[in-house]
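Scroll down for the structure; my scribbles are underneath it.
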Amino acid sequence: MKVLMIGGTGLLGSAAAQIFVDRGNEIKTLALPPLPEGAPLPKEMEIVFQDANKLSDDEVKELMQGFDVFVFATGVDERVEFPAPVYDAYYKYNIAPLERYLPLAKAAGIKSAVVCGSYFAWLAKERPDMKLCDKHPYIKSRIEQENVCEKYADKDFGVAVLELPYIFGTQPGRKPVWVILIEQLQRFEKMPFTMYPAGGTAMLTVRQVGEAMVGAAEQTFAAAEKGEGKFRAYGISCYNFTWRQFLKIVYRAMDGIEDRKIVDVPKWTFQAFGLVMRKDYAKRNVDSGIDPVGLADIMGMNLFIPTDDCKELGCTPDDIEKAIFDSIALSKASFEGKQQLVEMKGE
């Protein structure tokens, strides 16, 4: 296959790029500088430093000529802060580009597309009773992103969305997203225990995300080649950990503490903290993609996803504990100013 990716130098895109190359595919990526120093990017990947959003439709279509698969490995998640209304930012970075690129890809003869999405969309569909799209702009945007993908899929153009959960692993030179967790846990530094919700989350490693991206590309391309293309959202998970299990690993990586005491936080306590966060956002003129009060419902549940889809996509076992450990260790070094790292952008 010939693969065109947006975001191929990022944490996830680069992992997928290496697997594409290892399986004998050609790959070209559009990416934003700077490159993280020491990042292991496949030398076979052609890198074009260009903001695709600044190209004209004709330029994008010309760029897409001759490719089989389009991969959208960019965008922003709920941790990025924006002024109100935050949904406008999610539309700009996660939805509008696909409204533009997918029809252009079809017109250029590309057979399939793979999009990196969010497991919050999986939860919103699995639990409509929670009305998550009404409460959380970010979750609403991810559902709308999937709707756009489904709109352009047909028998000759397959589109896959990977509903990605917590991801662990590092890219040398790039700042992990988990620095925010280090900041949050500092409030418990002088206490003999850490207070955290009683739920849990799905997760996987960076390498496994790369395998899922490549597997989805292979499947959607093969189906479209036979005139059997369609839209499909994959619930992505290779491991399901409670917060308590997860934090035990975090504290080993962060402070060398082998058995940190974790105390379950009642839902009302988390909601009270959410009210404080709402006031903080308002004071800073920041709009939250995930309502901090409503987040209590999500954090208090076991947001576990069956691993079937990942197995179907060819994800292989990995050392999740090592991936968490490495992510947290690098995050702490960044938090303490011991390493100067490239910030996560939209890749």
Side-chain angles (χ1 to χ4, degrees), residues 11-12 15-16 19 72-73 75 77-79 94 114-133 135-136 138-147 149-150 159-169 177-178 181 196-220 230-250 289-290 294-324 327:
L11 178 69
L12 306 182
I19 297 169
F72 188 74
D77 68 16
E78 78 282 4
R79 289 165 289 204
N94 296 346
V114 177
V115 175
C116 290
S118 169
Y119 80 152
F120 284 128
W122 180 89
L123 178 60
K125 292 180 293 184
E126 187 75 8
R127 291 288 306 275
D129 58 296
M130 294 179 72
K131 301 185 184 303
L132 296 174
C133 291
K135 301 174 183 177
H136 308 286
Y138 177 70
I139 298 179
K140 176 184 176 183
S141 75
R142 286 302 191 179
I143 289 293
E144 287 301 316
Q145 183 185 57
E146 292 193 3
N147 291 340
C149 292
E150 185 172 15
V159 184
V161 175
L162 304 183
E163 297 170 330
L164 298 171
Y166 278 39
I167 302 165
F168 296 98
V177 298
W178 299 110
L181 177 63
Y196 218 75
T201 185
M203 59 180 67
L204 75 169
T205 69
V206 169
R207 195 205 74 207
Q208 290 169 327
V209 174
E211 291 174 333
M213 291 167 69
V214 175
E218 291 171 342
Q219 289 190 13
T220 54
K230 61 180 180 180
F231 166 79
R232 180 168 172 185
Y234 292 86
I236 300 298
S237 174
C238 289
Y239 309 96
N240 292 297
F241 279 15
T242 64
W243 295 126
R244 183 170 296 184
Q245 291 173 303
F246 168 60
L247 288 176
K248 296 282 188 180
I249 303 170
V250 169
I290 300 292
L295 180 60
D297 293 326
I298 299 173
M299 294 292 288
M301 68 186 298
N302 285 330
L303 208 176
F304 294 166
I305 299 178
T307 60
D308 304 34
D309 283 357
C310 275
K311 292 175 182 175
E312 180 184 337
L313 292 173
C315 296
T316 57
D318 203 355
D319 191 339
I320 185 65
E321 291 201 18
K322 182 180 185 302
I324 295 171
S327 298

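Along the sequence shown, residues carry numbers from 1. Excluded from the calculations below are hydrogen atoms, water molecules and symmetry mates; all remaining heavy atoms, backbone and side chain alike, are included.
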Expected output: side-chain [X] to main-chain [Y] donor-acceptor under 3.5 Å:
| X | Y | result |
| --- | --- | --- |
| Asn94 | Gly75 | no |
| Asp77 | Arg79 | yes |
| Glu150 | Phe231 | no |

Does atom NZ (Lys140) have a neighbourhood of more than 12 heavy atoms from anything else shown, all under 6.0 Å?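 No, because the 6.0 Å sphere around NZ of Lys140 holds 12 heavy atoms or fewer from other groups.
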Lys230, NZ: over 12 other non-hydrogen atoms inside 6.0 angstrom: no
If you measure from the Lys or Arg side-chain nitrogens to the Asp or Glu carboxylate oxygens, is any gap between Asp309 and Arg232 under 4.0 Å?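 Between Arg232 and Asp309 there is a salt bridge, with a charged N closer than 4.0 Å to a carboxylate O.
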When rounded to the nearest 0.5 Å, the distance separating CD1 of Ile320 from CD1 of Ile167 is 10.0 Å
Could you tabulate the donor-acceptor pairs under 3.5 Å formed by side-chain atoms of residues 117-124, not counting sequence neighbours?
residue: Ser118; atom: OG; partner: Phe120; partner atom: N; Å: 3.0
residue: Tyr119; atom: OH; partner: Thr201; partner atom: OG1; Å: 2.9

Distance-minimising heavy-atom pair for Leu204 and Cys238: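 Where Leu204 meets Cys238 most closely, the heavy atoms are CB-CB, 3.9 Å.
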With a cut-off of 3.5 Å and sequence neighbours excluded, list every side-chain donor-acceptor pair involving residues 211-220.
residue: Glu211; atom: OE1; partner: Thr316; partner atom: N; Å: 2.8
residue: Glu211; atom: OE1; partner: Thr316; partner atom: OG1; Å: 3.3
residue: Glu211; atom: OE2; partner: Arg207; partner atom: NE; Å: 3.3
residue: Glu211; atom: OE2; partner: Thr316; partner atom: OG1; Å: 2.7
residue: Glu218; atom: OE1; partner: Arg23; partner atom: NH1; Å: 3.1
residue: Glu218; atom: OE2; partner: Arg23; partner atom: NH1; Å: 3.1
residue: Gln219; atom: OE1; partner: Tyr234; partner atom: OH; Å: 3.2
residue: Gln219; atom: NE2; partner: Glu312; partner atom: O; Å: 3.0
residue: Thr220; atom: OG1; partner: Ser112; partner atom: OG; Å: 3.2
residue: Thr220; atom: OG1; partner: Ala216; partner atom: O; Å: 2.8
residue: Thr220; atom: OG1; partner: Ala217; partner atom: O; Å: 3.2

Given the rule in the ring pair (Phe, Tyr, Trp, His ring centres under 6.0 Å) test, do Phe168 and Phe246 qualify, once you have shown the distances and angles that lead to the verdict? CA-CA 11 Å; Phe168 296 98; Phe246 168 60; 5.4 Å; yes
Qualifying residue, where the test is ring pair (Phe, Tyr, Trp, His ring centres under 6.0 Å) with Tyr166 and the options are Trp243, Phe241, Tyr239: Trp243
